[in-house]
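Take a look at this one; I'll ask things after.
Keep in mind that this is a model prediction, so the values were computed, not measured. Numbered from 1 within each chain, the chains take letters A, B, ... in sequence-line order.
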Amino acid sequence: MSGTAERHVVADADEIDNGERIVTQIKGREITVFRYDGDYYAYLNWCAHQGGPCGEGTLTGTSIASYDRETGEVDSYWGREGEILNCPWHGWEYDLTTGDCLSRTGVTLPSYPVEIEDGEIVVTL
Amino acid sequence: MASTAEKTTPFADTTVVDTDVHLSIPFDELAEYCDEPYRSITKYPTYTPVHRGGWNRYMGGKIETEKQNVQTADALYEKICVEFGIDYPLINAFPVLNSVPEDDRAVELMYAYNDYLLDNFLDEYDQFLGLCTVATQEPETAAEEIDRMATEKSIEGLYLLNSGAQPPLGDPVYDVIYQAAEENGLHVAYHASAGAPFAKDFPVQDTQFNRFLENHMLAHPWAHMMTMSSLIVNGTPAKFPDLNFSFLEAGVSWVPYMMFRFNKEYSMRRSEAPLLEKSPEEYIRDQFYISTQPIGEPNDPNHLQQIIDVMGTDSLMLSTDYPHWDFDHPDALDQQVRQFGDEEARERILSGTAIEAFELSI
Ligand code: FES
């Protein structure tokens, strides 16, 4: 660990529209701050797969499916539009709201606390 | 041109050869290297001049389409040599000639790809090395092209698309190609491909699968297994003992299976492969080389190391497959090797094995 956590103002809150993001450098780390559905999220822009810039990937939905053992039916649909972050290199999918990787149990993007203070986005790191 | 990139990557003190770097050539530029009527066909294709099936490769925009950012020598140098830290990329033109339905057009495109590669890339940087495109449809013509290209200093081997090559590539009709390779001291690299070339060999599977994931899972290992079976049973490595062969873009894990099953089957049916003078495993270990991408991702990294140990670093050569969507960043493999291997093993995989396999004078 390098020193104690500090507060960093990264932008004015209204600089990021809903569904948008900014990429910023804090303490030598590249961090992507997203705004989605009224909340803000800050993740390391470094994919757990091979280090791709996952924070710069598209935000889309994804295919979701379940199997009903009683009826033998598969229920499959496209959902969570705008909540899935896709790494542009090889397509690893991350849940924007948690940072969890959808295909690998236990893999989560490092995240940082974000708060809005006096109309500014503050990341603590 | 600059001879060594300023390196800031983990490879600063190590020589690195990348055995599978592709071009993505705009077809209107390639057309300029063709004579008529091929020029117009390449320029104004019905669909695309070299079609690759209609699959959803880029997941509806979830990932970048084939990276268009390396279409010049300078851009490729910047990405591969500077950013990735590769000293010597072995570049192929990515010719998907087995999905060209007319044999004469495939031959014309072979010349075009080779001249394009030389003019626009290999002549630009000293450390750019290249593979000669071979259209396998007309083996005699291919042999003449190999003789022509072998005079180019930067050409270190041949690039044969094995998916969709018919008959399979150990068939004696191709011996003229292997003879030309051996006489000219050129390595033979096989590269597989999903989509249309896969559909040529496995039409039922291609039409019956419903997702590209199924197709892409099998396209590369199936093509390589087919080629390896054909080469060994026909005795190609025994006929051409000075030739080295490599298999690109299926990772490494399929190879132990082939070696061990081949030993077993060969002992039961030796009379069907009478040219062999030693076990299939020995031919594979002695003359066949394997490029690492796409390196497997077992849940327990120890298991990948066990496969690398079975193969031995004398057979393994780093590859990235850049700029394709499933490329491996070179650091991914390097981290694995650093974690488990010694510096000598690392040196073999990053460059030593490729230098030996391609007899690179670098
Ligand atoms: S580096 Fe992100 S998916 Fe591979």
Inset, instruction - Would you indicate whether the side-chain heavy atoms of R104(A) and E297(B) approach each other to under 4.5 Å? - result: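 With C-beta onward as the side chain, the pair touches.
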Legend entry - Sequence-distant partners of D95(A), salt bridge (Lys or Arg N to Asp or Glu O under 4.0 Å), two or more places apart: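 D95(A) satisfies salt bridge (Lys or Arg N to Asp or Glu O under 4.0 Å) with R80(A) only.
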Legend entry - Contacting moiety of T62(A), where chain B heavy atoms sit under 4.5 Å: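 Both backbone and side chain.
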Inset, instruction - Please answer whether the main-chain N or O of E93(A) pairs with a side-chain N or O of K62(B) as donor and acceptor at a distance below 3.5 Å. - result: no
Inset, instruction - Please check if atom CG in D342(B) has more than 12 non-hydrogen atoms from other residues, nucleotides or ligands closer than 6.0 Å. - result: yes
Inset, instruction - Quick one: sort the F327(B) and H90(A) rings into parallel, tilted or perpendicular, breaks at 30° and 60°. - result: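 F327(B) vs H90(A) ring planes: tilted.
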Inset, instruction - Count the heavy atoms of every other residue, nucleotide or ligand shown that sit under 6.0 Å from CZ of F27(B), and state whether that count exceeds 12. - result: yes
Inset, instruction - State the CE-OG distance between M59(B) and S63(A), to the nearest 0.5 angstrom. - result: 11.0 Å
Inset, instruction - Tell me, for I84(A) versus chain B, whether the close heavy atoms (under 4.5 Å) come from the side chain, the backbone, both or neither. - result: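 For I84(A), the contact with chain B is made by the side chain alone.
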Inset, instruction - Identify which part of N299(B) has an atom lying under 4.5 Å from any heavy atom of chain A, answering side chain, backbone, both or neither. - result: neither
Inset, instruction - Measure the CD1-CH2 distance between I63(B) and W92(A) for me, rounded to the nearest 0.5 Å. - result: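 Rounded to the nearest 0.5 Å, the CD1-CH2 separation comes to 14.0 Å.
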Legend entry - Heavy-atom pair with the smallest gap, counting every atom of Q50(A) and A332(B):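 Nearest pair, atom of Q50(A) first, then A332(B): NE2-CB, 3.5 Å.
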Inset, instruction - Give a yes or no on whether W46(A) atom CH2 has more than 12 heavy-atom contacts from other residues, nucleotides or ligands under 6.0 Å away. - result: no
Legend entry - E81(A) atom CD, over 12 foreign heavy atoms within 6.0 Å: yes
